[in-house]
Enquirer: 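Below is one structure. I have some questions about it.
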Amino acid sequence: MSLSEFEVIREFFNKKELALDREEVLLGIGDDAALLSVPSEKVLSISTDMLVESVHFPKDAAPAQIAKRALLVNISDLAAMGAEPLCFTLSLALAKQSERWLQQFSQGLVEIAQRYNIALVGGDLVAGPTTISIQVHGLNSSENCLRRDRARVGDLIFVTGCLGDGAVALVSLGLKTHLGDSFKINKEEYSINCQNYFNSIYFEPEPRIEFARSCGKYIASAIDISDGLIGDLGHICKASGVGATLFVDEIPYSQSANCCMSKPNLLQAALYGGDDYELCVTVAKTDQEAFMQAAESTNTPVRCIGEINDSDRICCHNNSGEELQLHNESYMHFSGEIQE
Ligand code: ADP
Ligand code: MG
């Protein structure tokens, strides 16, 4: 790449399509820091997620797709807080990307930034193994923040969309999962439609922003499902000091996943797979009706898959009321690699 650092920033990132027109952004790219004005009745929510080549996206993936996934998984964290996206920063370590790569990467960012009205306000650029680190900022009204530590005994557990697609998509893309050798696609049932579906769900997960903001007043606690339902619901339980029963036969799967995966593998994918970026929320029984109506008004499919209780664990029951014995683990970014 023959462009200097400043030329890259000017050409691909400091442009009006990414700056958007948000009155809260007093100063965007170009100074030592961005300046934001937070309206007095609002609170700022901040989250960051890093994507490393060959770990969080395939090395040969299309640059626009990489950019979209990087920004969307970050926006999903804002959805899990019930926040409205405001702005983001982008720190890039680039190996030897071409101008064409940068052009397409930038174009992918523009598409998502405009879709969610989230402005690029700064970042950093270094040479190194390709890594994308995004920090997103969102606005909440102070009484409408969705937190993990607010689940109460008796709450119903709902999920948006379908679970398990993230893990199936990894296999579909030829990437490794941590779910073992028996976690594989049934090739006879695997059509080009399935393949296209999993490609798009992997690179363009849908952050449930509108749902979370419209249904927030009926939601007691929330998390986005990035590491598998058991792990992520486990975070809600731990933070709230409660337990849960899951009705595993109620877990929703996509048509494509149903087509090409065995039933036991579907369950593995939903419980332990991760990368789904759907929301898991708990709702008081008295709010159930209103919650479901509000969800429908945003065209978001929701399914009740369990209930919060006063135990200290998550147990899984099938339709016949039998408890399932499950042995697996959610995705761990560090399994024993960091010594205490
Ligand atoms: P500094 O030397 O103060 O760290 P830089 O030279 O890294 O500043 O960046 C100059 C300006 O460009 C800053 O406003 C910074 O936020 C912005 N910037 C740098 N890299 C990126 C990027 N990848 N995307 C968006 N803005 C960036
Ligand atoms: Mg810098």
Side-chain angles (χ1 to χ4, degrees), residues 1-39 42 44-79 81 83-139 203-205 207 209 277:
M1 192 161 52
S2 54
L3 300 179
S4 74
E5 178 189 340
F6 298 110
E7 286 166 335
V8 169
I9 295 167
R10 195 177 56 229
E11 183 84 6
F12 302 109
F13 301 115
N14 191 4
K15 51 188 197 180
K16 65 175 185 327
E17 295 93 324
L18 283 167
L20 308 180
D21 188 20
R22 295 220 41 159
E23 58 183 3
E24 299 91 342
V25 179
L26 305 179
L27 187 62
I29 293 177
D31 213 313
D32 295 305
L35 297 175
L36 303 178
S37 145
V38 179
K42 297 277 169 90
L44 194 63
S45 42
I46 300 180
S47 177
T48 185
D49 246 325
M50 184 149 69
L51 284 81
V52 179
E53 181 180 87
S54 301
V55 179
H56 303 105
F57 58 89
K59 198 174 162 57
D60 58 358
Q65 300 281 65
I66 298 169
K68 288 185 196 180
R69 176 171 163 82
L71 187 49
L72 286 166
V73 301
N74 272 280
I75 295 174
S76 174
D77 284 316
L78 291 181
M81 296 305 290
E84 174 207 353
L86 169 59
C87 61
F88 69 107
T89 59
L90 168 70
S91 294
L92 275 179
L94 296 178
K96 284 204 184 87
Q97 271 74 9
S98 61
E99 283 180 40
R100 193 179 140 81
W101 191 98
L102 280 161
Q103 178 57 44
Q104 292 176 2
F105 183 89
S106 171
Q107 203 43 51
L109 275 187
V110 168
E111 191 181 321
I112 303 304
Q114 295 194 348
R115 189 183 302 166
Y116 288 91
N117 196 22
I118 187 167
L120 179 60
V121 296
D124 203 5
L125 188 62
V126 297
T130 302
T131 304
I132 302 151
S133 180
I134 288 179
Q135 184 175 52
V136 282
H137 299 68
L139 292 175
F203 287 109
E204 283 193 60
I209 293 286
Y277 302 105

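Small disclaimer: the values here were computed from a predicted structure and weren't measured. For ligands, and for the atoms within them, numbers begin at 1 and follow the listed sequence.
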Enquirer: Return the set of residues passing ring pair (Phe, Tyr, Trp, His ring centres under 6.0 Å) with F105 (not counting sequence neighbours), or none when no residue passes.
Expert: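 Only W101 meet the ring pair (Phe, Tyr, Trp, His ring centres under 6.0 Å) criterion with F105.
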Enquirer: Number the atoms of ligand 1 from 1 as they appear, then name those within less than 4.0 Å of a heavy atom of I29, with their elements.
Expert: 12 (O), 14 (O), 17 (C), 25 (C), 26 (N)
Enquirer: Can you list the atoms of ligand 1 that are under 4.0 Å from a heavy atom of F13?
Expert: 23 (N), 24 (N), 25 (C)
Enquirer: With a 4.0 Å cut-off, would you call K68 and E111 a salt bridge?
Expert: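 Result for this pair is yes, salt bridge flagged.
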Enquirer: Does any non-hydrogen side-chain atom of I132 lie less than 4.5 Å from one of E53?
Expert: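 They are not in contact (no side-chain heavy atoms under 4.5 Å apart), so the answer is no.
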Enquirer: Is E5 paired with R10 through a side-chain N to carboxylate O contact shorter than 4.0 Å?
Expert: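 Salt bridge between R10 and E5, a charged N being under 4.0 Å from a carboxylate O: no.
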Enquirer: Please could you name the atoms of ligand 1 that D32 approaches to less than 4.0 Å, counting only its heavy atoms?
Expert: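 Reading through ligand 1 atom by atom, the close ones are 3 (O).
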Enquirer: Would a 4.5 Å heavy-atom cut-off, applied to side chains only, mark P207 and Y116 as touching?
Expert: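 Answer yes - side chains close enough.
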Enquirer: Would you say K59 and T130 are linked by a side-chain donor-acceptor pair, where the criterion is simply a distance under 3.5 Å?
Expert: no
Enquirer: Answer with side chain, backbone, both or neither: which part of D31 has a heavy atom less than 4.0 angstrom from an atom of ligand 1?
Expert: backbone
Enquirer: Write down the atom of S133, the atom of T48, and the distance for their closest heavy-atom approach.
Expert: OG-OG1, 3.9 Å
Enquirer: At the 4.0 Å heavy-atom cut-off, does F12 count as touching ligand 1?
Expert: no
Enquirer: Could you tell me, atom by atom, which parts of ligand 1 come under 4.0 Å of a heavy atom of G122?
Expert: 16 (O), 24 (N), 25 (C), 26 (N), 27 (C)
Enquirer: Which atom pairs, donor and acceptor, lie under 3.5 Å between side-chain atoms of residues 84-92 and protein residues at least two apart or in another chain?
Expert:
unit_1	atom_1	unit_2	atom_2	d
E84	OE2	R22	NH2	3.0

Enquirer: Can you name the atoms of ligand 1, numbered from 1 with element, that are less than 4.0 Å from a heavy atom of E5?
Expert: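 Within the 4.0 Å cut-off of E5, ligand 1 contributes 6 (O), 7 (O).
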Enquirer: Going by the closest heavy atom to atom 9 (O) of ligand 1, which one wins out of V126, I9, L27, V8?
Expert: I9
Enquirer: Considering distance alone, does some N or O of F6 sit under 3.5 Å from an N or O of ligand 1?
Expert: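 Such a contact does not occur with ligand 1.
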Enquirer: Could you tell me whether some N/O pair between G30 and ligand 1 is separated by less than 3.5 angstrom?
Expert: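 Yes: some nitrogen or oxygen of G30 is under 3.5 Å from one in ligand 1.
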Enquirer: Any nitrogen or oxygen of L90, main chain or side chain, under 3.5 Å from a nitrogen or oxygen of ligand 1?
Expert: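 Yes, since at least one N or O of L90 sits under 3.5 Å from an N or O of ligand 1.
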